[in-house]
Amino acid sequence: QVQLVESGGGLVQAGGSVRLSCAASGRTFSSYAMGWFRQAPGKERELVATINRSSGRTYYADSVKGRFTISRDNAKNTVFLQMNSLKPEETAVYSCAASVKWSLLPLRNSDEYSYWGQGTQVTVSS
């Protein structure tokens with residue numbers, strides 16, 4: 001089992017950058033594939049990015065490709081999401097999630113993740 005705690009959210013102007021962190025408890029962080037999701041008010045949760053256990057493979061939603069970067073530091077039990085050129089429509093609660101599922105394909109569905117953080121609010125002002 002793993003507990004996840006996000007940090008780094010806040011208010012940023014359009015075009016600005018934010019770096020989110022997700023700290024995981026436990027000694028087996030490297031055994032989890034990780035993902036970042038977001039949910040805006042009145043909208044469904046959507047995948048932002050995923051990263052496999054060894055950081056060798058990442059996946060991004062089309063809407064964030066080229067602007068967001070997911071990374072992880074297994075020695076520090078932390079996964080990051082660097083977000084650049086933010087847009088007002090990307091205002092949302094951003095959550096990290098951990099999956100025990102093994103797959104050669106990116107884990108794009110929230111149902112594939114067993115553990116979730118509480119989320120951190122990112123507000124992008126226009």
Tell me whether Val100 shares a hydrophobic cluster with Met34, the cluster being built from Ile, Leu, Val, Met, Phe, Trp, Tyr side chains joined at under 4.5 Å. yes
For the residue pair Tyr115 and Tyr32, does the interplanar ring angle fall in the parallel (under 30°), tilted (30 to 60°) or perpendicular (over 60°) class? perpendicular
For the CD atom on Gln13, are there more than 12 heavy atoms of other groups (residues, nucleotides or ligands in this structure) within a distance under 6.0 Å? no
Residue pair Phe37 / Trp116: nearest heavy atoms and the distance that separates them: CD1-CH2, 3.5 Å
Just by distance, do the side chain of Thr91 and the backbone of Val124 share a donor-acceptor pair under 3.5 Å? yes
Verify, without hydrogens or angle tests, whether Glu6 (side chain) and Leu20 (backbone) share a donor-acceptor contact under 3.5 angstrom. no
Which residue pairs pass the salt bridge (charged side-chain N to carboxylate O under 4.0 Å, His left out) test with at least one member in residues 112-126, sequence neighbours excluded? Lys101-Glu112
Please answer whether the main-chain N or O of Arg67 pairs with a side-chain N or O of Tyr60 as donor and acceptor at a distance below 3.5 Å. no
Separation between CD1 of Ile70 and SG of Cys96, rounded to the nearest 0.5 Å: 9.0 Å
Ser25 (side chain) donor-acceptor with Gln3 (main chain) under 3.5 angstrom: yes
Heavy atoms of Leu4 and Ala98 approach each other most closely as CD1-N, 3.8 Å
Considering non-hydrogen atoms only, spot the tightest contact between Ser95 and Gly119 and give its length. OG-CA, 3.5 Å
Joint cluster assignment, Val122 & Phe68, ILVMFWY side-chain distance < 4.5 Å: yes
CA sep, side-chain torsions, deciding dist, call: Tyr94, Val18, side chain to side chain contact (heavy atoms under 4.5 Å, CB included): CA-CA 12 Å; Tyr94 285 73; Val18 170; over 6 Å; no
Starting at OG of Ser126, measure out to NZ of Lys87 and round the result to the nearest 0.5 Å. 14.0 Å
Group every Ile, Leu, Val, Met, Phe, Trp and Tyr by side-chain heavy-atom contacts under 4.5 Å, then state whether Val64 and Leu81 land in the same group. yes
Between atom CZ of Arg38 and atom CD of Gln121, what is the distance when rounded to the nearest 0.5 Å? 12.5 Å
Tightest non-hydrogen contact, residues Ala92 and Ala40, listed as CB-N, 3.8 Å
Please check: side-chain N/O of Arg108 versus main-chain N/O of Ala61, any donor-acceptor pairing under 3.5 Å? no
Arg53 side chain to Ser31 backbone, donor-acceptor under 3.5 Å: yes
What closest approach, in Å, do Arg45 and Gln39 show between heavy atoms, and which atom pair accounts for it? N-NE2, 3.8 Å
Rounded to the nearest 0.5 Å, what separates atom CZ in Arg72 from atom SG in Cys22? 10.0 Å
Grab the two heavy atoms, one from Ser71 and one from Val79, that are nearest each other, plus how far apart they are. O-CG2, 3.1 Å
Separation between CG of Asp73 and CZ of Phe29, rounded to the nearest 0.5 Å: 8.5 Å
Could you tell me if the side chain of Trp102 sits less than 4.5 Å from the side chain of Leu107, heavy atoms only? no
Okay, side chain of Asn52, backbone of Arg57: is any donor-acceptor separation there less than 3.5 Å? yes
Nearest 0.5 Å, please: how far is CE in Met83 from CH2 in Trp36? 8.0 Å
Determine whether Tyr113 and Thr50 satisfy the following criterion, side chain to side chain contact (heavy atoms under 4.5 Å, CB included), listing intermediate values before the conclusion. CA-CA 11 Å; Tyr113 293 82; Thr50 69; 3.3 Å; yes
